[in-house]
Amino acid sequence: ATLVRTLNPDGEALDGILNENGQYINHGFPKDNGMADGHQPVEVSFLLERIDALKPRRLIHVRTIDSESGVIAASSACMSTAQVVAEWLGFRVINLPERAVSGSLERYLASTGRCEVITFAIPSTSKKNEIWDRYGDALQNLLMGEDLLSRELAGQKSPPSAANNQDSHNDRNGRH
């Protein structure tokens with residue numbers, strides 16, 4: 001797994017959504033025609049270059065959303081995994097690319113098929129010190145996808161790995 005902590009460090013440092021050049025990175029990806037408009041933020045170019053070099057099978061975009069409940073948006077190739085995790089957390093599910101904004105990372109990747117894409121949108125009302133405990137297992141399941149062998153190996157560990165907690169959670173609640 002490769003982790004990019006934030007694609008907009010300028011915005012984070014400035015406590016805003018724009019980068020230092022006043023660009024909104026989240027909608028700076030190539031539009032529906034697959035072409036960049038010539039004003040593509042350098043941060044977008046960086047990420048697209050990393051995607052070209054690494055050729056990931058799945059990209060997971062973790063973010064917050066101004067809502068009391070979370071959302072998982074997924075391209076068709078990873079929709080079944082996304083639906084399981086969304087049901088487990090009580091999140092809404094959104095199909096990509098249809099519901100994504102033109103110029104967004106999700107729309108671009110889902111419509112071009114460069115890799116699977118899942119957006120894991122955590123409610124902004126979540127307490128920072130509780131986020132990993134509440135959503136960590138779900139995120140690990142999204143990373144593993146349909147990798148049932150890894151889940152089986154995680155279940156054999158003593159104590160069981162957090163990646164296997166969904167199965168334990170389901171057993172405790174009578175769901176399978």
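None of the values given here were measured: they were computed from a predicted structure. Side-chain atoms are counted along with the backbone in the values below, which use heavy atoms only and exclude waters and symmetry mates.
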Can you tell me if Asn129 has over 12 outside heavy atoms packed within less than 6.0 Å of its CG? yes

Taken to the nearest 0.5 Å, the spacing of Asn8 CG from Ile17 CD1 works out to 9.0 Å

With side chains defined as the heavy atoms from C-beta onward, is the minimum distance between Ile60 and Leu143 less than 4.5 Å? yes

Working to the nearest 0.5 angstrom, can you tell me the gap between Glu106 CD and Leu96 CG? 6.5 Å

Side chain proximity check, Phe29 to Leu109, heavy atoms < 4.5 angstrom: no

Looking only at heavy atoms, what is the nearest atom pair of Ser67 and Thr125, with distance? O-OG1, 3.9 Å

A side-chain contact here means heavy atoms from C-beta on lying under 4.5 Å apart; do Leu105 and Leu59 qualify? yes

Quick one: are Pro56 and Ile51 in side-chain contact, heavy atoms under 4.5 Å? yes

Relative to each other, are the rings of Tyr135 and Phe120 parallel, tilted or perpendicular (30° and 60° limits)? perpendicular

How long is the straight-line distance from CZ of Arg63 back to OG1 of Thr6, given to the nearest 0.5 Å? 11.5 Å

Where do Ile94 and Arg99 come nearest, in terms of heavy atoms and distance? CG2-CB, 3.1 Å

Please tell me if the side chains of Gln40 and Leu48 come closer than 4.5 Å, counting only heavy atoms from C-beta onward. yes

One should read off an interatomic distance between Ile72 CD1 and Ile122 CD1, to the nearest 0.5 angstrom, of 9.5 Å

Under the 3.5 angstrom rule, does the side chain of Ser102 hit a backbone N or O of Lys31 as a donor-acceptor pair? no

Are any of the side-chain heavy atoms of Arg107 and Val101 separated by less than 4.5 Å? no

Give the cluster check for Met79 versus Leu139: same hydrophobic cluster or not, with ILVMFWY residues linked at side-chain heavy-atom distances below 4.5 Å. no

Is a side-chain N or O of Ser124 found less than 3.5 angstrom from the main chain of Ile65, in a donor-acceptor match? yes

Tightest non-hydrogen contact, residues Ala82 and Ala74, listed as CB-CB, 3.5 Å

Are there more than 12 heavy atoms of other residues, nucleotides or ligands under 6.0 Å from atom CD of Glu68? no

Could you state the interatomic distance from CG (Leu54) to CD (Glu49), rounded to the nearest 0.5 Å? 11.5 Å

For the residue pair Leu142 and Thr81, establish whether any side-chain heavy-atom pair is separated by less than 4.5 Å. yes

Can Tyr108 be reached from Leu47 by stepping across I, L, V, M, F, W or Y side chains whose heavy atoms are under 4.5 Å apart? yes

State yes or no: do Val44 and Phe46 share one hydrophobic cluster built from I, L, V, M, F, W and Y residues joined by side-chain heavy-atom distances below 4.5 Å, directly or via other members? yes

Specify the closest pair of heavy atoms between Ala110 and Ser75, including all atoms of both residues, with the distance to one decimal. CB-CB, 4.0 Å

With rounding to the nearest 0.5 angstrom, report the OG to CZ distance, Ser45 to Arg50. 13.5 Å

Hey, is CD on Glu20 packed in by over 12 heavy atoms from elsewhere, all under 6.0 Å? no

Which residues share a side chain to side chain contact (heavy atoms under 4.5 Å, CB included) with Gln23, sequence neighbours left out: Asn19, Asn21, Pro41

Hydrophobic cluster membership, with links at side-chain heavy-atom distances under 4.5 Å among I/L/V/M/F/W/Y: are Trp132 and Phe91 in one? yes

